[in-house]
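In what follows, chains are A, B, ... by sequence order, proteins preceding strands, each numbered from 1.
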Number of protein chains: 2
Amino acid sequence: MSRKEQIVDVARQLLEADGPGGVTMRAIADRLEIRAPSLYKHIADKHELEVALIARGFAEQAEAFTAAISNTTEPVAAIAHSYRSWALANPHLYALMTSNPLPRNDLPAGLEIAAAAPLVEAVHGNTDRARALWAFAHGMVSLELAKRFPPDADLDTAWATGLRSLAS
Amino acid sequence: MSRKEQIVDVARQLLEADGPGGVTMRAIADRLEIRAPSLYKHIADKHELEVALIARGFAEQAEAFTAAISNTTEPVAAIAHSYRSWALANPHLYALMTSNPLPRNDLPAGLEIAAAAPLVEAVHGNTDRARALWAFAHGMVSLELAKRFPPDADLDTAWATGLRSLAS
DNA sequence: GTCTATATTGTGATAGAC
DNA sequence: GTCTATCACAATATAGAC
């Protein structure tokens, strides 16, 4: 594993462990047992690190959603479940991927489309329905991650209610 | 207007003008033409400032949504339109209100419920449907604010598609 | 209620030696 | 490719004088 890959690995561990504020050049260097300035021999700046993390997230999502639609009679529900699971398992990376404009020019081509493809296929190419479903899923997930629902809210039922209406 | 009210006012102006990073004690003090340490004679700390901003946001939303359901035959659509308008007009305050757990213990009682009441009434008390609608609206709005939809996406149609399914 | 002075902590990033 | 030394900057907050 190259030094650069190690750096991205450590950055991701720090991101999920300590949140975005925990991803500092010093913290990354500490875990690699080198000094912070040495990192700049391998990456140009912190932005490059963020782009690499986002790219990994999309690749993982594409894989998860593709797996979800194999062997199911309800692809939309299966993708929704997979979407929620991935976000809850990778909350800070999920936030990084959804809270700011995508650095589309710096990202490997096709990543965004590959992650979206399973859903678009599940709704037979109806992009408006795909966007409505994505918005619903993103809203549910981001409010859950932000702990913004009332503490006693039954989220499973809210998911089922929304999906039943939107999936058709 | 008390000094404290002036401080909250200025904080809100800075929040929407420069984003959350622009709301510093120094910047607030500069606009009031005093020194930053003087602010602490009027507020305990920055957290108190954030709570005051969030409280204002909820009060404004409650007013906007209540106005939206008067004189309409489609209350859910009217609230959705109002929700989107308010968020687009106050993007950074909206983010402050939705990206973190509510400081419910520090907020005036009833504010959250008052803002949610028009929607709950519009769906005849069906809380699962209300949550699904809220999630959809929040997802649409937050992705729009984050510029996460593809540049050519037709958001009006996505809104209409989602609301048609969810409003029933 | 305002001021000056300061503590404390933290950040990304560069220069230049080895 | 790693190091030491350092720059440049910014943040919240407190002490104590007036």
Side-chain angles (χ1 to χ4, degrees), chain A residues 1-57 92-93 95-97 99-103 105-107, chain B residues 1-56 91-93 95-97 99-103 105-107:
Chain A
M1 189 165 48
S2 74
R3 211 33 153 179
K4 181 169 174 176
E5 288 170 316
Q6 290 181 315
I7 292 170
V8 178
D9 261 21
V10 166
R12 180 165 184 181
Q13 291 167 19
L14 288 168
L15 177 66
E16 293 302 352
D18 304 330
V23 186
T24 68
M25 304 307 274
R26 285 173 171 82
I28 295 168
D30 280 353
R31 282 223 183 178
L32 292 170
E33 297 184 285
I34 60 176
R35 307 297 159 188
S38 305
L39 297 171
Y40 292 89
K41 296 289 181 178
H42 307 279
I43 59 164
D45 52 25
K46 205 180 178 184
H47 176 70
E48 186 181 331
L49 210 48
E50 285 184 7
V51 171
L53 289 171
I54 291 168
R56 275 200 197 189
H92 289 112
L93 182 51
L96 192 64
M97 294 165 68
S99 302
N100 296 106
L102 277 191
N105 291 343
D106 303 326
L107 242 27
Chain B
M1 188 163 50
S2 73
R3 210 35 152 177
K4 181 168 174 177
E5 287 169 317
Q6 289 181 316
I7 292 170
V8 177
D9 260 21
V10 167
R12 180 166 182 180
Q13 291 168 18
L14 288 168
L15 177 66
E16 292 303 350
D18 304 330
V23 186
T24 67
M25 304 308 273
R26 286 179 170 84
I28 294 167
D30 280 353
R31 283 224 183 178
L32 292 171
E33 297 184 284
I34 60 176
R35 307 297 159 189
S38 306
L39 297 171
Y40 292 90
K41 296 290 183 177
H42 306 279
I43 57 164
D45 52 24
K46 207 180 179 184
H47 176 69
E48 186 180 330
L49 210 48
E50 285 184 6
V51 171
L53 289 171
I54 290 168
R56 277 200 198 189
H92 289 111
L93 181 50
L96 192 63
M97 295 165 66
S99 301
N100 297 106
L102 276 192
N105 292 342
D106 302 327
L107 241 27

Mark yes or no for a side-chain to base donor-acceptor pair under 3.5 Å between B:R26 and D:dA10, with no hydrogen or angle criteria applied.
no
What is the distance, to the nearest angstrom, from the CG atom on B:L39 to the P atom on D:dT14?
13 Å
CD1 on B:I7 to CZ on B:R31, rounded to 0.5 Å
14.0 Å
Send over the distance from B:D30 CG to C:dC3 P, rounded to a whole Å.
11 Å
I want to check one thing: is the phosphate of D:dT4, taken as OP1 and OP2, less than 4.0 Å away from some side-chain N or O of A:R35?
yes
Using a 4.5 Å cut-off on heavy atoms from C-beta on, say whether the side chain of B:I34 contacts that of B:R3.
yes
By the 4.0 Å heavy-atom rule, please label B:K41 as base, sugar-phosphate, or nothing.
base
To the nearest 0.5 Å, what is the distance between CG (B:L39) and NZ (B:K46)?
11.5 Å
Among B:R12, B:M97, B:E16, exactly one meets side-chain contact (heavy atoms from CB on, under 4.5 Å) together with B:H92. Which residue is that?
B:E16
Starting from P on D:dT2, measure out to CD on A:E33 and report it in whole angstrom.
12 Å
Starting at CD1 of A:I34 and ending at C1' of D:dT2, how long is that distance when rounded to a whole Å?
8 Å
Separation of atom OH in B:Y40 from atom P in D:dA15, rounded to whole Å:
13 Å
Within less than 4.0 Å of OP1 or OP2 of D:dG1, is there a side-chain N or O belonging to A:S38?
no
Has A:H42 got a side-chain N or O lying under 4.0 Å from the OP1 or OP2 atom of D:dT2?
yes
Would you mind telling me which residue lines up with the more 5' stretch of DNA chain C, A:V23 or B:A36, judged by nearest nucleotide?
B:A36
Less than 4.0 angstrom between a side-chain N/O of B:R3 and OP1 or OP2 of C:dT2, yes or no?
yes
